[in-house]
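One structure below.
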Amino acid sequence: MEVIIQPNPSDCAAAGARIIGKLLEAKANAVLGLATGSTPLPLYGELVRMNRAGEVDFSGVTSFNLDEYIGLPGDHPCSYRYFMEQELFKDINIEPGRTHVPDGLADDVGEHCRAYEQAILDCGGIDLQILGLGSDGHIGFNEPGSSLGSRTRIKTLTGETREDNARFFDSIEEVPRHCITMGVATIMECRQIVLFAFGEAKAEIIATAIEGPVSAMVPASALQMHPEVKILLDEAAASRLKQKDYYKEVFAGKPSWQCF
Ligand code: GLP
């Protein structure tokens, strides 16, 4: 687990975009795992800029999003399909048919989840997964207590998550209670993972997830078991880490072949 602390979110976003750029240079048909929420927005902004400047090409890329609300159609302004179209897909040269977001209106949710897992396998697996972090330690929508062996499935959102996400809706009553999310084990199978967290409000849960015990009660702590994880934090989100100075020393002393 490599913890990278940058002065602000835009520096984290630039570093994350360089990691993606490097992957796409080496593998033009890479499979990206994408996330929603406010955290990835600076990253998506930077990817759009790089794509327009001809610095990165998405024409061969396939994408899979982590999750979607059940009951929202893809053209609903609060759906994650809509979010991805607005914040990234419409502004980059990705093939629309190669972008995957779980279908919040699937008739048979169980079958849809199995097909989503199969589609990931059929594309050769996810090369790089982007993650944010819920205030309760969730990744995707894997709420506390999610099995560390879980696959794509239906989940019930916690009250805390519905409150956190109510800001995107007119009222908390409108926030769906159910979602489809990739499982913790689905995420753990991605070859490389980059998690972003920004701001003081994420400091405590970041310290718990990175430096606390691995536990299903903090699904993000499972990432401690993954061999290729980068955690990109601004100073505020890193403020409660016990080993903060060590992480900075490691990053400053990286051999050039490891830099991005
Ligand atoms: C939602 C998403 C997560 C995201 C989290 C954090 O719950 N399902 O993937 O990481 O929000 O949101 P934010 O980045 O807005 O803090």
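All ligand and atom numbering here is 1-based and tracks the order in the structure. Along the sequence shown, residues are numbered consecutively beginning with 1.
- When hydrogens are left out, the protein atom nearest atom 7 (O) of ligand 1 is His138 NE2, 2.8 Å; that is the closest non-hydrogen contact.
- The atoms of ligand 1 that sit less than 4.0 Å from any heavy atom of Thr39 are 13 (P), 14 (O), 16 (O).
- Looking at atom 9 (O) of ligand 1, its nearest protein heavy atom turns out to be Gly140 O, 3.5 Å.
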Before giving the answer on salt bridge (charged side-chain N to carboxylate O under 4.0 Å, His left out), spell out for Arg114 and Glu117 the whole-Å C-alpha distance, their side-chain angles and the decisive distance to 0.1 Å. CA-CA 5 Å; Arg114 277 187 290 280; Glu117 289 270 335; over 6 Å; no

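- The nearest heavy-atom contact from the protein to atom 6 (C) of ligand 1 is Leu133 O, 3.6 Å.
- Note on ring orientation: taking the six-membered ring where Trp is involved, the planes of His100 and Tyr116 are perpendicular (angle over 60°, cut-offs 30° and 60°).
- Close approach to Lys202 involves these atoms of ligand 1, each under 4.0 Å from a residue heavy atom: 13 (P), 16 (O).
- Checked by distance only, ligand 1 and Phe141 stay at 3.5 Å or farther apart across all their nitrogen or oxygen atoms.
- Side-chain contact between Leu232 and Leu195: absent, with no pair of heavy atoms (C-beta onward) separated by less than 4.5 Å.
- Sorted by first then second residue, the ring-ring contact (aromatic ring centres under 6.0 Å, His included) pairs that include residues 196-248, not counting sequence neighbours, number zero.
- For atom 4 (C) of ligand 1, the nearest non-hydrogen atom of the protein is Thr36 O, 3.9 Å.
- The pair Arg240-Glu211 does not meet the salt-bridge criterion, since no charged nitrogen lies less than 4.0 angstrom from a carboxylate oxygen.
- Only the side chain of Asp67 comes within contact range of ligand 1, with a heavy atom under 4.0 Å; no backbone atom does.
- Put simply, part of Arg167 is less than 4.0 Å from ligand 1, judged by heavy atoms.
- For the pairing with Glu68, the side chain to side chain contact (heavy atoms under 4.5 Å, CB included) check across Thr36, Leu105, Asp103, Val101 returns one residue only, Val101.
- You'll find the ring centres of Tyr69 and Tyr82 outside the 6.0 Å limit.
- Two residues are said to be in side-chain contact when any heavy atoms from C-beta on lie closer than 4.5 Å; Ile130 and Ile20 meet this criterion.
- Both the backbone and the side chain of Ser38 come within contact range of ligand 1, each with a heavy atom under 4.0 Å.
- Each of the following atoms of ligand 1 lies closer than 4.0 Å to a heavy atom of Gly132: 10 (O).
- Considering backbone and side-chain atoms together, Thr161 places no N or O closer than 3.5 Å to any N or O of ligand 1.
- Residues His178 and Leu157 form no side-chain contact, since every pair of their non-hydrogen atoms from C-beta on lies 4.5 Å or further apart.
- Close approach of ligand 1 to Asn165 is summarised as follows: ligand atoms under 4.0 Å from at least one heavy atom of the residue are 1 (C), 7 (O).
- In terms of protein heavy-atom proximity, atom 12 (O) of ligand 1 is closest to Gly37 CA, 4.0 Å.
- Side-chain atoms of Leu233 and Ile4, non-hydrogen and from C-beta on, never get closer than 4.5 Å to each other.
- Given atom 1 (C) of ligand 1, the protein heavy atom at minimum distance is Tyr80 OH, 3.6 Å.
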